[in-house]
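In what follows, a single structure is set out as structure tokens and then discussed.
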Amino acid sequence: MGSTITGNEVLAVSDRDRIVQAMAECCAEVGYQRTTVAAVLERAGVDEERFASHFTGKEDCALAALNKIVSETLARISMADSRSEPAIDRRKFEGKAILDLLATRSAFARLGLVESRQGGTARMHHSYESAARVLALMAERFDGGDGPPGRPSVSARAALGGVEAVVRRELMANRGERLSQLLPDFVYAVLVPFVGQGEALRQARLAARVAAEEGL
Amino acid sequence: MNAQQREMLLRAMLEELVGNGYGDASVERAREVAGISASEFAAEFSDKDECLFAAYDCLTDRVVATANADCDQGDPWPERIKVGLESLLQAVAAYPQMATALTRSFPGIRPAAYQRYVELLSRFEPLMREGREYSGVEEELPGEVELLAVGAAEAIIFAEVDAGRAQRLPGMLPEILFSVLVPFMGPDRAADEMRSAAVST
């Protein structure tokens, strides 16, 4: 019966989640470079054999943690995108969903936005770059093609870079819970190259209402 | 150790960090480059970390001082931002190894080192504040607009340094300038400044 999940399999899934969580927390505390598998095992409360049954080593485990935050982010975006509002309003709900996730998964967020960008291995960095490219492509959807001639192609990536700088500052200061309050600022930054200041500010005001909503 | 030796030591430590990674960065090799004995080193630094942090602080102080000096020339704010950015990009292109130390190798050591990087970006925020006076709308701009502008430039600079293309950065001045100015001035006027910078570079 291939569809039957045994007790051991449930425990294995639980072990894997605990290990990945422990990896994210260790990296947030001491950085990827100083994180050891031994410290991860101790925090997760599992032995080497269990670790080896899930991961080939430290980098593999860190990549699994990165995949977890990326897949959860995409799932939140997908949920927000299924709402019935116009596209530009759905983007605000997507933004709010991402910021709420980063706040509740702050250790994973630091692994994704700090360690994989500037502290981890080449494969972790590649994972960060791929996720950043996807977000930039999403931001480019705001480009209605009626902006000033010759607007640089890096506009969306640069605007997201500004958002990331603020998010990283908040994460490093352990102020993840503040992130959703900053949604209006982020909406302004991402929109202004494409729609101009007046409309970006109007959308930022609307975003303030979205930011105030609970349990989206 | 005299001031020149100290500067050589700090630079050599950052080169060790970039070239060999944190674990294999050697104080001994850096001392040899600077001509400093173990006892002279010990009189100033308790360990490798203290020396690396001092090296990073020295480098970032210099970068911020250069940007401040070039942004303080009496011209209108967008022009001063262009001049400061131009100097920064030329310095990054001329010293790609130091740029890598600045953006990647040192911040990646551990969270305390990364915090220095966060602080470095914040040190550019005062240069941005005057941009609020150039806004095309009466409504107050968002509270984080200064760091949003700094982070926009950082994202482009980081990507080029990281890809080993630091030498391209001076040629990218117009588009980086647009990304810094656009939150303050809007896309039309930022594009005007971008085109003006493209003509003058």
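Residue numbers start from 1 in every chain, and the chains themselves are labelled A, B, ... in the order their sequence lines are given, proteins ahead of strands.
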Contact origin within A/Leu182 toward chain B - heavy atom pairs under 4.5 Å: side chain

Atom pair CD/CZ of B/Glu144 and A/Arg169 - distance to nearest 0.5 Å: 4.0 Å

Residue selection (most heavy-atom pairs with chain A, distance under 4.5 Å) from B/Ser135, B/Gly21, B/Ala149, B/Ser105: B/Ser135

Shortest non-hydrogen contact between A/Ala158 and B/Ser179, atoms and distance: CB-OG, 3.4 Å

Beyond-backbone contact of B/Pro142 with A/Leu201, side-chain heavy atoms, under 4.5 angstrom: yes

Donor-acceptor pair, side chain of A/Gln197 and main chain of B/Phe184, under 3.5 angstrom: yes

A/Val163, part contacting chain B, at a heavy-atom distance under 4.5 Å: both

Distance-minimising heavy-atom pair for B/Ala155 and A/Gly161: CB-CA, 3.6 Å

Option in B/Glu138, B/Glu119, B/Glu139, B/Glu175 with maximal non-hydrogen atom pairs under 4.5 Å from chain A: B/Glu139

Donor-acceptor contact present, side-chain B/Arg104 to main-chain A/Arg117, <3.5 Å: yes

Closest non-hydrogen atom pair, B/Leu148 against A/Asp185: CD1-O, 3.6 Å

Test item: A/Tyr188 side-chain N/O and B/Pro183 main-chain N/O as donor-acceptor pair under 3.5 Å: yes

Residue, of B/Ile156, B/Asp162, B/Leu121, that accumulates the most heavy atom pairs under 4.5 Å with chain A: B/Asp162

Side-chain donor-acceptor pair present, A/Gln33, B/Tyr22, cut-off under 3.5 Å: no

Proximity breakdown for A/Arg205 and chain B, heavy-atom pairs closer than 4.5 Å: side chain

Contact class of A/Ala28 relative to chain B, heavy atoms under 4.5 angstrom: backbone

Closest non-hydrogen atom pair, B/Phe158 against A/His125: CE2-CE1, 3.9 Å

Minimal non-hydrogen separation, B/Gly151 against A/Ala165, with atom names: CA-CB, 3.7 Å

Pairwise distance CZ(B/Arg110) to CD(A/Glu115) - rounded to 0.5 angstrom: 12.0 Å

Heavy-atom pair with the smallest gap, counting every atom of A/Pro193 and B/Val182: CA-CG2, 3.8 Å

Exceeds 12 heavy-atom contacts within 6.0 angstrom, atom CZ of B/Arg62: no

Closest-packed option against chain A by number of heavy-atom pairs under 4.5 Å, given B/Gly186, B/Ala153, B/Ala190: B/Gly186

